[in-house]
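Below: one structure, written as structure tokens.
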Amino acid sequence: MAEDCIFCKIVRGEIPSNKVYEDDELFAFNDIHPVAPVHFMLIPKLHIASLLEADDSHAALLGRMLTLAPRLAKEQGLDNGFRTVINTGPGGGQEVFHLHIHIIGGGHIPPMVR
Ligand code: AMP
Ligand code: ZN
């Protein structure tokens with residue numbers, strides 16, 4: 001847990017969130033500025049700043065995030081697929097330094113790269 005991290009504060013309930021899912025290791029909540037009809041974040045409760053700080057000891061946790069993502073997406077009504085985004089570091093446009101997967105879908109999702 002990092003004292004001043006906003007996503008750690010969301011996990012602790014110190015900042016309100018629109019929760020989508022919670023278990024002992026993972027937490028998911030809606031993005032406050034959605035870019036599509038469904039846009040939520042899946043995060044580990046463990047504070048890992050970004051993928052740059054992840055190592056082999058986190059492999060099972062990261063695997064759980066990837067296998068949970070489609071289940072939660074379907075529960076949110078995304079039967080036809082979704083986009084996952086992980087911004088990493090300043091060079092990847094990351095703004096909140098607590099590892100998170102954006103899960104985005106519904107409506108028109110344009111190609112990422114043209
Ligand atoms: P990133 O650029 O990947 O670090 O994205 C950070 C995301 O966190 C942005 O999409 C923000 O809209 C979202 N965000 C920031 N603060 C909150 C919050 N308090 N509750 C929900 N989403 C948030
Ligand atoms: Zn954190």
Side-chain angles (χ1 to χ4, degrees):
M1 288 284 175
E3 278 302 313
D4 294 333
C5 167
I6 61 169
F7 287 180
C8 283
K9 287 183 176 176
I10 284 175
V11 168
R12 292 196 295 264
E14 294 168 11
I15 292 177
S17 71
N18 195 336
K19 183 165 84 174
V20 167
Y21 177 83
E22 180 173 13
D23 66 27
D24 55 334
E25 290 186 316
L26 304 178
F27 196 93
F29 55 99
N30 285 326
D31 196 301
I32 204 165
H33 294 126
V35 299
V38 176
H39 182 175
F40 63 95
M41 221 83 78
L42 176 56
I43 71 172
K45 288 185 170 178
L46 179 69
H47 180 83
I48 304 169
S50 82
L51 271 189
L52 283 167
E53 284 73 31
D55 60 34
D56 285 348
S57 73
H58 304 119
L61 185 63
L62 296 176
R64 281 207 62 222
M65 292 174 75
L66 280 183
T67 55
L68 181 62
R71 193 185 118 198
L72 297 184
K74 281 183 214 152
E75 284 176 10
Q76 296 301 307
L78 301 177
D79 296 322
N80 198 27
F82 55 89
R83 173 165 292 162
T84 45
V85 174
I86 305 175
N87 296 321
T88 301
Q94 186 176 2
E95 292 178 337
V96 176
F97 284 82
H98 181 128
L99 175 63
H100 52 279
I101 303 178
H102 294 258
I103 295 156
I104 298 163
H108 174 66
I109 301 295
M112 279 276 284
V113 179
R114 291 188 187 273

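Note that the coordinates shown come from a computational prediction; the quantities given were computed from them, not determined experimentally. When a ligand or atom number is given, it counts from 1 through the structure's own listing order. The analysis underlying the following values was restricted to heavy atoms, covering all of them including side chains, and did not include hydrogens, waters or symmetry mates.
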Close residues (non-hydrogen atom under 4.0 angstrom from ligand 1) work out to Ile6, Phe7, Ile10, Phe29, Asn30, Asp31, Ile32, His33, Met41, Asn87, Gly93, Gln94, Glu95, Val96, His100, His102

All side-chain hydrogen bond (donor to acceptor under 3.5 Å, both in side chains) counterparts of Asp31, not counting sequence neighbours:
His39

Val11: which of Glu22, His47, Lys45 passes side-chain contact (heavy atoms from CB on, under 4.5 Å)
Lys45

Are the aromatic rings of Phe7 and Phe27 close, with centres under 6.0 Å apart?
no

Mind listing the closest non-hydrogen atom pair of Arg83 and Pro110 along with its distance?
NH2-O, 2.6 Å

Please list, chain by chain and in numerical order, all residues satisfying side-chain hydrogen bond (donor to acceptor under 3.5 Å, both in side chains) with Thr67, sequence neighbours excluded.
none

Do you know which N/O/S atom name in His47 is closest to the Zn ion (ligand 2)?
ND1

Can you list every salt bridge (Lys or Arg N to Asp or Glu O under 4.0 Å) pair that touches residues 59-75, not counting sequence neighbours?
Asp23-Arg64, Glu25-Arg64, Arg71-Glu75

Which angle, to the nearest 10 degrees, do you find at the Zn ion (ligand 2) between SG in Cys5 and ND1 in His98?
110°

Would you say the ring centroid of His102 lies under 6.0 angstrom from that of His100?
yes

